[in-house]
Visitor: 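Okay, handing you the structure first.
Numbering of ligands and ligand atoms starts at 1, following listing order.
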Amino acid sequence: MSIDGTISIHINGEHRRVRDGLTLAALASELGFVPEKVAVERNLEVVPRSTLGQVLVEDGDELEIVHFVGGGDVSAVDEDRWSVAGKSFRSRLIVGTGKYKDFEQNAAAVEASGAEIVTVAVRRVNVSDPKAPMLTDYIDPRKITYLPNTAGCYTGEEAIRTLRLAREAGGWDLVKLEVLGEARTLYPDMVETLRATEILAKEGFKPMVYCVDDPIAARRLEDAGAVAIMPLGAPIGSGLGIQNRVTIRLIVEGTSLPVLVDAGVGTASEAAEAMELGCTGVLMNTAIAEAKDPVLMAAAMKAGVEAGRMAYRAGRMGKRMYADPSSPLAGLI
Ligand SMILES: CC(=O)[C@@H](O)[C@H](O)COP(=O)(O)O
């Protein structure tokens, strides 16, 4: 049954909502797989590979997707990649580029984090002195995807202008939109954010959108053309950790888009927590940049995100009200 154009399925044991009307090949491609290199089992029946482009995904489907590695061998090892706007990534950690002592430290932290995407405030990019060092001298844009963001923008217009500038300068269309409501909380202004998302999507941008942790707002953003939902875990720079686990989970369950917790993560266990809630990834800046040892913290965050992701995929044990002995009782003398 379709709710708001999405259906509910399980992929490799994980619950997902995806757009109605996708073929298995389109679904595989949205997940970051090359459709020609996957094998799909649907409701315990193997689907012939030649028909993946015709078979529609249906509500309630239980899918197993296996990736082919190397010369045609089928491997049960799922690379567990994720994708946004047609680009596929292995790392689920996106890191910021503000608040570091210098570019060198920033680059070392990015390296330790394993991040494949860094986000950069367009308004901080040095344009006045071409001789001054630039971030791109330290973090190679041929290896790492730069995600321009609109940090510091308080109106939709300002954010749109900033991103038009970024596209003009570097050809970026995958962008991070944030429209702030006030300086005290740095909370997003959702009315302006929605308006800007709609305009940017119409102009061909692929906006990943910083937003409140509200499942209805997330749905509206999806309708407006967002390519990823990025709810705050707590106020930007606070390091308070995820304040509302329930709404983050509801966002994950209610959208077919990638969901990345953006802002407020303070330490590695909180990054793991976001991933255990089923998020696609985590974006963070302050927790790494303001750690006593930013490079070590970057490595800790990498491990936290990976551990949380594995735990989510593995499926948590059920909680019990009472004790249950760990050692079997049968055969005791
Ligand atoms: C870097 C960025 O894009 C921001 O949204 C923000 O700075 C992330 O928040 P934290 O600094 O709290 O991780």
Visitor: Should Val265 be listed as contacting ligand 1, given a heavy-atom distance under 4.0 Å as the test?
Guide: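 Not so, Val265 does not reach ligand 1.
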
Visitor: Checking the N or O distance criterion of under 3.5 Å, is ligand 1 in contact with Asn285?
Guide: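 Checking ligand 1 against Asn285, an N or O pair does fall under 3.5 Å apart.
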
Visitor: Check ligand 1 against Gly264 and write out every atom of the ligand that is under 4.0 Å from a heavy-atom position of the residue.
Guide: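 Heavy-atom distances to Gly264 below 4.0 Å select 10 (P), 12 (O).
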
Visitor: Checking a contact table here: which protein heavy atom is nearest atom 11 (O) of ligand 1, and how many Å away?
Guide: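 The answer is Thr286 OG1, 2.5 Å.
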
Visitor: Of all the atoms in ligand 1, which lie at a distance below 4.0 Å from a heavy atom belonging to Glu178?
Guide: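 Those of ligand 1 that fall under 4.0 Å from Glu178 are 3 (O), 4 (C), 5 (O).
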
Visitor: Polar contacts were defined as any N/O atom of the residue lying under 3.5 Å from an N/O atom of the ligand; does this apply to Lys176 and ligand 1?
Guide: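 Indeed, backbone or side chain, Lys176 has an N or O that close.
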
Visitor: Just wondering, are more than 12 heavy atoms of other shown residues or ligands nearer than 6.0 Å to CZ in Arg167?
Guide: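 Atom CZ in Arg167 is crowded, with more than 12 foreign heavy atoms closer than 6.0 Å.
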
Visitor: Going by the atom numbers of ligand 1, which of them fall below 4.0 Å from some non-hydrogen atom of Gly237?
Guide: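 Going through ligand 1 atom by atom, the ones under 4.0 Å from Gly237 are 10 (P), 11 (O), 12 (O).
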
Visitor: Is there a polar contact between ligand 1 and Asp262, counting only N or O atoms under 3.5 Å apart?
Guide: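 Checking ligand 1 against Asp262, an N or O pair does fall under 3.5 Å apart.
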
Visitor: What's the spacing between Ile248 CD1 and Gln243 CD if we round to 0.5 Å?
Guide: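 These two atoms lie 10.5 Å from each other.
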
Visitor: Please examine the side chains of Glu203 and Leu163, heavy atoms only from C-beta on, and report whether any two atoms are closer than 4.5 Å.
Guide: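 Heavy-atom side-chain distance check fails, nothing below 4.5 Å.
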
Visitor: Pull out every atom of ligand 1 sitting under 4.0 Å from any heavy atom of Met284, numbered as shown with elements.
Guide: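 Checking each atom against Met284, I get 13 (O).
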
Visitor: Given side chains that start at C-beta, do those of Phe103 and Thr97 come closer than 4.5 Å, heavy atoms only?
Guide: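 A side-chain contact under 4.5 Å is absent here.
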
Visitor: Considering only the protein, which heavy-atom contact is closest to atom 9 (O) of ligand 1, and what is its distance?
Guide: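 Of every protein heavy atom, Ala263 CA, 3.2 Å lies nearest to atom 9 (O) of ligand 1.
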
Visitor: Under a 4.0 angstrom heavy-atom cut-off, which atoms of ligand 1 come close to Thr119?
Guide: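 Answer, ordered by atom number: 1 (C), 3 (O).
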
Visitor: Just which atoms of ligand 1 are under 4.0 Å from any heavy atom in Ile236?
Guide: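 The atoms of ligand 1 under 4.0 Å from a heavy atom of Ile236 are 6 (C), 7 (O), 9 (O), 12 (O).
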
Visitor: Would you say that Arg19 contacts Ser256 through its side chain, given a criterion of any heavy-atom pair below 4.5 Å between the two side chains?
Guide: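 In short, these two side chains touch, coming nearer than 4.5 Å.
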
Visitor: Going from OG1 on Thr280 to CZ on Arg309, what distance comes out if it is rounded to the nearest 0.5 angstrom?
Guide: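 Result: 7.5 Å between the selected atoms.
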
Visitor: Quick check: is Ile117 connected to Leu174 through a chain of hydrophobic side chains (ILVMFWY, heavy atoms under 4.5 Å apart)?
Guide: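 Per the 4.5 Å side-chain linkage, Leu174 and Ile117 are co-clustered.
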
Visitor: Ignoring hydrogens and angles, state whether a donor on the side chain of Glu182 or Thr185 is under 3.5 Å from an acceptor on the partner side chain.
Guide: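 There is such a pair between these side chains.
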
